[in-house]
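Take a look at the structure set out below.
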Amino acid sequence: MSEATPILEARSLVKILGGNRVLENVSLDIGRGRVKVLIGPSGAGKSTLLQCLNFLIPPDSGHILLEGREVEKTSKRELCAFRQQVGMIFQDFNLFDHLSALENVRVALMKVKGMSKLEATERAVAELKRVGLADKATLYPANLSGGQKQRVAIARALAMDPKVMLLDEPTSALDPELIGEVLTVIRDLAQAGMTMILATHQISFSASLADEFIFMERGRIVEQGSPADLLARGAQSRTQAFCSKISELTGESGQSGQSGESGQSGESGQSGESGKAGAERRL
Amino acid sequence: MSMPYLEFLRGELGPGLLDGLWVSLVVIAPSALLGGLIGLTAGVLRVYGPRPVRWLTECYVSLFRGTPLVVQVFFWYFALPYIRVGGHGIVLDPIPAAILSFALCSGAYQSEYIRGGLNSIKRGQIRAALALGMTTRQAVTSVVLPQAFRRALPGCGNEIIYLIKYSSLASIITVNELTGTATTIAKNSWRNIEVFCTLGVFYLLLVTVATGLLRLLENSLSVPGFERPQS
């Protein structure tokens with residue numbers, strides 16, 4: 001495999017749901033260590049695209065290639081092997097409700113990777129530590145906050161050693177004061193070189209991480225490019241129009257037209273702070 | 001002329017009913033176990049099975065929930081011997097015939113509780129399991145079913161309580177379990193009130209013990225988010 005081969009590549013994905021063309025000939029690829037961010041109005045097909053990428057929703061046509069090799073979607077074994085290498089984070093966490101945090105991370109290591117209980121436990125503890133939840137290992141989802149649940153979900157996906165992570169609006173179901181802790185984990189991941197495709201409405205946060213913004217509307221990729229280009233003042237891009245609408249609604253100020261760096265320090269500090277403050281209030 | 005109740009209980013009724021109790025347990029325990037197993041399998045197949053299998057299990061449930069249990073008991077005991085398969089009729093002894101009827105009937109009801117439990121688990125759970133690389137079977141057995149079972153347990157327990165009581169129907173195909181024994185004693189002694197009231201107490205005790213055991217099981221499986229609602 002050459003350096004230039006994308007880790008994950010989708011070619012002309014089409015998905016029709018209930019007569020609607022939810023994905024219309026969508027192609028994209030992502031190289032090692034890159035972060036691509038899907039943005040766009042709800043119903044644009046972001047979530048469907050992410051779920052098509054690991055065949056949770058099988059695309060009606062199109063091809064998906066992992067490190068240059070096409071995934072044979074009719075082979076169940078190959079599909080399972082493929083999904084192990086593609087981590088998925090869901091909007092509503094989907095932790096296994098009957099298992100503790102530790103067991104949530106451990107179960108697939110044992111069932112899918114065939115690790116011994118001891119080995120799997122060690123790995124699970126390490127992953128929980130990485131997302132800052134070593135002390136919550138014995139708690140069940142019912143006793144975790146939304147932010148903690150999402151971090152356990154991230155630990156669970158990371159434990160499988162994925163080559164790429166797909167994150168489907170990971171903070172959309174969270175209370176505002178809990179978003180910061182999850183974004184921090186995602187930033188750490190990006191800085192550690194994890195390849196990621198992220199659907200989000202956290203524009204300024206993702207602008208600080210993303211190598212590329214992909215703007216989707218009505219099942220198509222309408223625009224793509226670096227956040228700096230798309231959000232530049234006077235860029236006249238659909239992306240910018242969309243983002244300024246979001247920032248008007250959320251009161252997030254001044255993210256359009258700023259470079260990634262300033263966006264990063266501005267927002268991350270804020271949300272980190274408010275996350276902490278929120279936690280203290282809860283205590 | 002007639003001896004006092006306590007003497008009757010100690011001398012005749014008690015020992016008789018204890019024998020009957022033993023036979024009842026021999027019928028109930030395997031029926032409950034087998035019924036649970038059938039219910040679990042049928043429930044899973046009704047939700048996750050391929051279409052023809054789903055259809056078959058639906059038919060099974062409709063048939064066994066839709067006909068009176070007495071008719072089913074009569075069928076297995078009286079009618080089955082007349083059905084010739086390769087020149088042989090299948091003759092079942094009373095106890096196996098009773099166990100077969102109860103297990104099949106109980107299984108049909110149990111599958112309904114299991115199906116409800118499975119359907120109450122959000123799709124996201126199975127999706128998350130698949131996304132980790134589990135096969136559908138692994139996702140169902142190690143993620144969905146353990147949760148569904150906890151949700152279904154109160155209903156399944158209820159069905160076992162029913163089973164304890166409808167096991168009395170075994171008496172009509174000559175099984176000398178609690179009710180069968182009691183009927184005999186009542187006929188011979190003419191002490192209907194004492195016999196049948198005492199019989200009632202035996203069933204009450206049996207159900208109480210079963211309720212306690214089921215509660216223990218529920219508690220041992222209880223995890224936060226799946227506990228019994230505190231009333």
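Residue numbers begin at 1 in each chain, while the letters A, B, ... track the order of the sequences.
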Within 6.0 angstrom of [X] [atom1], more than 12 heavy atoms from elsewhere:
X: A/Lys111; atom1: NZ; value: no
X: B/Arg54; atom1: CZ; value: yes
X: B/Arg46; atom1: CZ; value: yes
X: B/Arg84; atom1: CZ; value: yes

Query raised in the report: Is it the backbone or the side chain of A/Gln85 that comes under 4.5 Å from a heavy atom of chain B, or both, or neither?
Result: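 Contact with chain B is absent: no heavy atom of A/Gln85 under 4.5 Å.
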
Query raised in the report: With a 4.5 angstrom heavy-atom cut-off, which part of A/Arg77 approaches chain B: side chain, backbone, both or neither?
Result: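 For A/Arg77, there is no contact with chain B at all, as no heavy atom is under 4.5 Å.
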
Report task. Please check if the distance between the ring centroids of B/Tyr166 and B/Tyr162 is under 6.0 Å. Result ->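 They do not qualify: ring centres at least 6.0 Å apart.
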
Query raised in the report: Which atoms of B/Gln125 come close to chain A, meaning under 4.5 Å heavy atom to heavy atom: side chain ones, backbone ones, both, or neither?
Result: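 The answer is both parts of B/Gln125.
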
Query raised in the report: Tell me, side chain or backbone of B/Arg150 under 4.5 Å from chain A's heavy atoms, or both, or neither?
Result: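 Contact with chain A is through the side chain of B/Arg150 alone.
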
Query raised in the report: Between A/Asn54, A/Asp92, A/Ile89, A/Leu56, which has the largest tally of heavy atom pairs under 4.5 Å with chain B?
Result: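 Looking at each option in turn, the highest pair count goes to A/Leu56.
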
Query raised in the report: Listed by chain and number, what are the salt bridge (Lys or Arg N to Asp or Glu O under 4.0 Å) partners of A/Lys73, not counting sequence neighbours?
Result: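 Checked A/Lys73 against salt bridge (Lys or Arg N to Asp or Glu O under 4.0 Å); zero matches.
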
**Report entry** Within residues 95-108 of chain A, residues adjacent to chain B where the heavy-atom gap is under 4.5 Å
**Finding:**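 Within residues 95-108 of chain A, the residues under 4.5 Å from chain B are A/Leu95, A/Phe96, A/Asp97, A/His98, A/Val107, A/Ala108.
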
Requested in this report: First locate atom CG of A/Leu13, then atom CG of A/Leu28, and finally report the distance between them rounded to the nearest 0.5 Å.
Outcome: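 One gets 8.0 Å once the value is rounded to the nearest 0.5 Å.
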
Query raised in the report: Atom CE in A/Met165, atom CD1 in A/Ile197: separation rounded to 0.5 Å?
Result: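 Going from the CE atom of A/Met165 to the CD1 atom of A/Ile197 covers 12.0 Å.
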
Report task. Select, from B/Gly225, B/Pro146, B/Gly124, the one with the greatest count of heavy-atom pairs under 4.5 Å involving chain A. Result ->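 Option with the top pair count is B/Gly124.
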
Report task. Give a yes-or-no answer on whether the side chains of A/Glu169 and A/Ser47 include a donor-acceptor pair shorter than 3.5 Å. Result ->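 Judged by distance alone, the side chains do not pair up.
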
